[in-house]
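In what follows, residues are counted from 1 in the order of the sequence shown.
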Amino acid sequence: MQVLWFRRDLRLDDHPALVDACRRGPVLPLFILDAALLHHPETGPARVAFLLASLRALDHDLRRRGSRLLVRQGEPAAVLLAVVRQCGADGVVAHVDTERLVGRVRDARVSSALARAGIPLRWLEPPGCIPHLLAYPDWRRSWHGEMALEPLPAPSRISTPPPQGPPEAAAAAVPGLAELGLEADGKPIPAAGTSAALELLERFRDGGAAERYFWQLSLPSARATTGLGPYLKFGVISHRQVLHTIAPLRQGSTGERRSWRQLVSRLRWGAGMAQRFRYLPQLELRPLWDCYEEASPLSAEQEELYAAWQSGRTGFPLVDAAARCLLASGGWLDLNFRSRAIHASFLTNLCGIDWRYGALHYMRHLIDGDCCIDHYQWAMQAGVTAAGGGRGWSRIYHPGRVAVERCDPQGLFIRRWLPELADLTNDQLGSPPLMASYPRPLLDYEQARRRRLGRLERQRQHWRPHGFSRMPADLSPFGAERISGSEVDWASPPAPELSPAALPLEQLDPGALGDLASWFSASRSLALPPAGAQGQRGQGGPRRRRGTGSAADAIQLELW
C-alpha cells in the first residue's frame with residue numbers, strides 16, 4: 001500500500017501521483033494540516049476556509065470511488081512516519097511543491113526523516129514542471145507540449161483498506177477554522193471542489209463571458225475574470241484540464257479566439273512564475289537584483305500611509321476602491337489585475353514603502369493568494385525586477401483622474417466599494433471635492449513620482465548583469481513580527497536545508513547564467529560577460545533560438 005500525500009493538488013483528474021500510486025496497489029490518501037503553514041504570517045483565514053472546503057469536496061470524490069481522505073494535524077514528518085507504521089504502508093508518494101520556503105524546508109525534513117526510517121518516498125513532478133534549469137524559450141516549448149496532452153483520467157476505483165481503530169476514524173476529520181486557532185474574517189468563500197471549478201469554467205466558455213474576456217479584462221467593473229484563481233491555487237483543477245475545457249474557443253468567434261489566446265498566456269505566465277521561484281526561492285524574501293535590496297523599517301509617517309492604504313482611506317478613489325474590494329471579497333472575482341497594479345504602484349512607488357509590506361497584506365487577504373505570483377508581481381510593480389544601466393522598466397500609475405478615466409470612466413467599480421462617493425458625478429470621481437465623509441489626497445502624485453524615479457535611478461547605477469539576490473541565511477517570513485501568533489520556528493536553525501534546493505548561483509557557468517537570465521528579460525539588457533570578462537557589459541548573452549524569445553511574454557508580466 002502507498003500513502004498518497006495530497007498537498008496543492010486537491011483533485012483526482014490529471015494527477016500523476018495518484019495514477020502512480022494506484023498502479024502499485026492499494027492507496028491511502030492523506031492530507032496533513034501543518035501549523036507552520038496555517039499560522040504563517042502570510043496565511044489568510046479565508047484562504048484556509050476554502051482549503052478546508054476543498055478537502056471535504058475531495059473526500060466526497062474519493063468516497064464515490066471506494067476510498068476516503070485521511071486528514072491529520074501535526075508536524076508532517078512525524079505524521080507521515082506514524083501513518084506509514086500504523087497502516088503498514090510500503091512507501092509515500094507526493095508531488096513536488098516549490099511555492100513557499102516553508103514548504104521546501106518541510107519537504108527536506110520529511111525526506112530526511114523517512115530516509116532514516118528506511119521508508120521509500122517518491123517525489124513526482126506535476127504536469128508542466130521542470131526540475132532542471134532551462135532557458136525560458138525551451139521551458140515554454142516544453143510547457144506547451146505537456147499542456148497539449150490529454151489530461152490523465154481519474155481512476156474509476158481506488159482501493160483503500162478499511163480504517164483501523166475506533167468507528168470515528170472512518171469519517172474525514174476535516175476541522176473548522178476555530179479548531180485550527182483561526183478566526184473567520186467574513187469573506188464569502190467560493191463553492192469548493194473540482195466539479196464547481198469545471199462548472200465555473202464551462203459557464204465562462206458557454207455563457208458569453210469568453211466573448212468579452214479579451215476586451216474587458218482591464219476594466220475593474222467588468223467582472224470578466226474566469227474566477228478560477230482559488231481552484232488553481234490549491235490544484236483543485238489543473239492547467240491541462242482548463243486548456244482542454246476551453247479548447248472549443250479556439251475555433252469560435254474573433255473575440256473567443258482572442259480570449260482563448262489570452263487565457264492560455266495567463267496560465268503559462270502563472271506556471272512560469274512558479275518555475276522562476278523553483279530556481280530562485282529567495283524571491284519570496286528578496287528582490288530579483290541585489291542592487292534593490294532595502295529592508296529599513298517604516299517611519300511613523302509611512303506607518304500612517306500604510307494604514308490608510310490598507311483600509312482604503314488615501315483620498316484616491318480607485319486606489320481606495322481596490323483596497324476595500326480586497327478586504328471584503330478576497331479579490332478572487334472582483335479585483336482584477338489592473339486594479340491590483342494601481343493599488344500596488346501607489347504603495348510602493350508613491351508612498352515609497354517596501355513592496356514586501358504590500359505582498360504581506362495581499363497574501364493575508366487574497367483567497368487565491370499564490371506566493372510566486374503575488375510576490376513577483378509586487379516586486380515588478382515596484383520596479384525592482386528591472387535591469388539597470390538606464391534601461392530599467394518602471395510603471396507608475398497615476399492614481400487620480402487619469403486612472404479613473406482609463407479604467408473606470410463610469411465609476412461603477414468606485415461606487416460599488418465607496419458608497420460615500422455615490423452621488424458624485426463621473427468627472428468628479430478622479431478628484432473628489434472636499435467632503436466630510438472622504439479624506440483629501442494623502443500625497444502629491446508628481447512629487448512622489450519624481451522622488452521614486454530618482455531613487456530607482458540611483459539603485460540601478462549599481463546593477464550588475466549577474467547580480468541576482470542570494471539566498472539569505474535567515475528564512476523567517478518578512479513582517480512576521482507584525483502578525484500576532486505567527487509560526488516561524490520552522491526557519492530555525494539559520495539556513496535550513498531546502499527540497500528542492502535553490503540554484504547554486506556561485507557555481508553556475510556563463511551559459512547557465514544566460515539560461516537563468518532569459519527568464520527575466522525580453523531584451524538583451526541582461527547580456528552576460530563571457531568567461532574571463534567579468535564586469536564588462538554588452539558582450540555575450542542568454543542562449544536563445546531565433547523567434548522563440550520571451551518578448552511575447554513581456555506583456556504578460558504586467559498581468560497580476
Side-chain angles (χ1 to χ4, degrees), residues 44-46 183-189 216 218-225 227 298 300-353 357-358 360-362 364-367 381 396-449 560:
E183 184 178 348
D185 61 6
K187 294 181 178 66
I189 306 302
Q216 297 183 352
S218 294
L219 299 178
S221 62
R223 225 180 196 185
T225 177
L298 298 184
E301 179 184 3
Q302 287 177 319
E303 287 284 5
E304 292 181 5
L305 288 172
Y306 187 42
W309 173 86
Q310 288 176 303
S311 61
R313 300 290 295 172
T314 69
F316 292 92
L318 198 53
V319 173
D320 292 337
R324 298 193 201 175
C325 176
L326 173 66
L327 294 176
S329 73
W332 67 283
L333 191 61
D334 295 311
L335 193 64
N336 75 353
F337 78 91
R338 187 67 70 202
S339 303
R340 300 185 192 200
I342 293 171
H343 195 212
S345 178
F346 185 90
L347 182 75
T348 58
N349 292 317
L350 300 184
C351 296
I353 291 176
Y357 288 96
L360 170 64
H361 177 69
Y362 262 54
R364 288 190 60 76
H365 290 283
L366 286 173
I367 294 178
Q381 293 301 332
I396 301 179
Y397 289 90
H398 193 300
R401 188 181 305 278
V402 173
V404 173
E405 290 177 352
R406 291 182 179 178
C407 299
D408 193 26
Q410 303 304 314
L412 300 178
F413 182 72
I414 291 173
R415 289 189 175 91
R416 179 181 179 189
W417 298 106
L418 303 180
E420 64 268 38
L421 303 185
D423 293 334
L424 296 185
T425 60
N426 291 342
D427 60 354
Q428 291 178 312
L429 290 175
S431 181
L434 185 62
M435 50 197 303
S437 59
Y438 189 69
R440 300 181 65 177
L442 295 182
L443 51 79
D444 179 270
Y445 166 73
E446 289 296 342
Q447 290 180 3
R449 178 178 179 275
W560 201 282

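Paired with His343 under the rule ring pair (Phe, Tyr, Trp, His ring centres under 6.0 Å), one option of Tyr397, Tyr362, Phe337 passes, and it is Tyr362. Each of Pro220, Ser329, Ser221 was checked for a side-chain contact (heavy atoms from CB on, under 4.5 Å) with Asp334, and the lone residue meeting it is Ser329. In summary, of the residues considered (Phe316, Tyr445, Trp309), a ring pair (Phe, Tyr, Trp, His ring centres under 6.0 Å) with Phe346 occurs for Phe316 alone.
Across all their heavy atoms, Ile396 and Arg449 have their closest contact at CD1-CG, 4.1 Å. Taking every heavy atom of both residues into account, Arg324 and Gly312 meet most closely at NH2-O, 3.0 Å. In terms of heavy atoms, Leu318 sits closest to Pro399 at CB-O, 4.5 Å. Pairing each heavy atom of Pro433 with each of Gln428, the nearest pair is CG-NE2, 4.1 Å. The shortest heavy-atom contact between Gly331 and Arg340 is O-NH2, 2.9 Å. Among all heavy-atom pairs drawn from Leu418 and Pro317, the shortest one is CD1-O, 3.3 Å.
Note: Leu442 CG to Leu350 CG = 11.0 Å, rounded to the nearest 0.5 Å. Summarising the geometry, atom CD1 belonging to Ile353 is positioned 11.5 Å from atom CG belonging to Asn349; distances are rounded to the nearest 0.5 Å. For the atom pair CG of Leu429 and CG of Leu424, the computed distance is 5.5 Å after rounding to the nearest 0.5 Å. For the atom pair CD of Gln381 and CD1 of Ile342, the computed distance is 9.5 Å after rounding to the nearest 0.5 Å.
Using a 4.5 Å heavy-atom threshold, the side chains of Lys187 and His365 count as touching. The shortest side-chain heavy-atom distance between His361 and Leu347 does not fall under the 4.5 Å cut-off.
Tyr357 places no side-chain N or O within donor-acceptor distance of the main-chain N or O of Tyr306, the cut-off being under 3.5 Å. Side chain of Arg415 to main chain of Gln410: a donor-acceptor pair is present (N/O by atom type, distance under 3.5 Å, no hydrogens or angles). Under a 3.5 Å cut-off, the side chain of Ser339 and the backbone N or O of Leu335 do not form any donor-acceptor pair.
Within the structure, salt bridge (Lys or Arg N to Asp or Glu O under 4.0 Å) pairs that include any residue of residues 433-445 do not occur (at least two apart or interchain).
Dense packing is recorded around CD of Glu446, with more than 12 heavy atoms of other residues, nucleotides or ligands lying under 6.0 Å away.
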Please output the side-chain donor-acceptor pairs of residues 401-409 that fall under 3.5 Å, not counting sequence neighbours, one pair per line with the distance.
{"residue": "Arg401", "atom": "NH1", "partner": "Asp427", "partner atom": "O", "Å": "2.8"}
{"residue": "Asp408", "atom": "OD1", "partner": "Leu412", "partner atom": "N", "Å": "3.1"}
{"residue": "Asp408", "atom": "OD1", "partner": "Phe413", "partner atom": "N", "Å": "3.3"}
{"residue": "Asp408", "atom": "OD2", "partner": "Phe413", "partner atom": "N", "Å": "3.1"}
{"residue": "Asp408", "atom": "OD2", "partner": "Ile414", "partner atom": "N", "Å": "2.9"}

